[in-house]
Amino acid sequence: MLRERLNQVEERIHNAVERSGRRRSDITLIAVTKKFPAPVTIEAFDLGLRHFGENYVQEFEGKHAAVASLTGAKFHLIGHLQSNKTRIAAELFRVIETVDSEKLARRLDQAGKPLEVMIEVKLSEEESKAGSAADTLPGLIDAIRQCANLRLTGLMTMPPWSDDPAQTRPYFRKLAALAQTHGLAKLSMGMSHDLEAAIEEGATHIRVGTALFGPRPKTG
Ligand SMILES: *Cc1c(COP(=O)(O)O)cnc(C)c1O
């Protein structure tokens, strides 16, 4: 099952890369394993996947022991990070994609572990969305660059949900423009339903869950 789904996702990536004159090696596929148990991560690893996205620090804390021996696996935190969880997040994750305040950056820095970070940018007016507003980016970028343990590599965004990629494409374009303005190389954007649009707009990291693993198990 996973093997077929992975082949389908790879084919979609391949087609989008071709259309946009890019290379497959420009794109990192992050397998989003949130809400799935550790054996799913291990199965994906065995099929060659190396980047994994998790949303909840606490959930990943529970799975971590079971996946810690997967040599070469890189775990990205792609969900909102609360400042009281920075220390454990710095222990568990290689990349924190959701830094959205100076306070959070300083807390992560204080954990004392070298970390790659990205800034989550909020490009819509939605009340509920986490992320740093575009106009606060310069200050936040400066603050992160002063953190000795943090290496800022890019921007991440999660547009308002729409099943129509035409609706999310303008957000991807905006994020790419911001990254260029600020000299940041990596762009984490695009999910199962709109990865093509994201790749066409310059994504370097796509975060794919459902298209690889099917619907997530219901919790609670
Ligand atoms: C769940 C999630 C994804 C993956 O979404 P799918 O539609 O299942 O591919 C990507 N990014 C973030 C931030 C998520 O929370």
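Ligands are counted one by one from 1 in listed order, and the atoms in each one are counted from 1 as well.
Exactly one residue among Glu18, Glu196, Glu200 makes a salt bridge (charged side-chain N to carboxylate O under 4.0 Å, His left out) with Arg12. That residue is Glu196. The one candidate from His76, His64, Lys63 that meets the side-chain hydrogen bond (donor to acceptor under 3.5 Å, both in side chains) condition with Glu54 is Lys63. For the side-chain contact (heavy atoms from CB on, under 4.5 Å) criterion with Leu184, the lone passing option out of Leu175, Leu152, Thr153 is Leu152.
A single hydrophobic cluster is seen to contain both Leu195 and Leu47, as judged by linkage of ILVMFWY side chains at heavy-atom distances under 4.5 Å, directly or through other members.
Side-chain rings of Phe52 and Phe75 approach one another, their centers coming within less than 6.0 Å.
With respect to Lys34 and Glu59, no salt bridge is recorded, no charged nitrogen being found less than 4.0 Å from a carboxylate O.
Under 4.0 Å from any atom of ligand 1, one finds heavy atoms of residues Val32, Lys34, Asn55, Ile78, Met156, Met158, Met191, Ser192, Arg207, Val208, Gly209, Thr210, Arg216.
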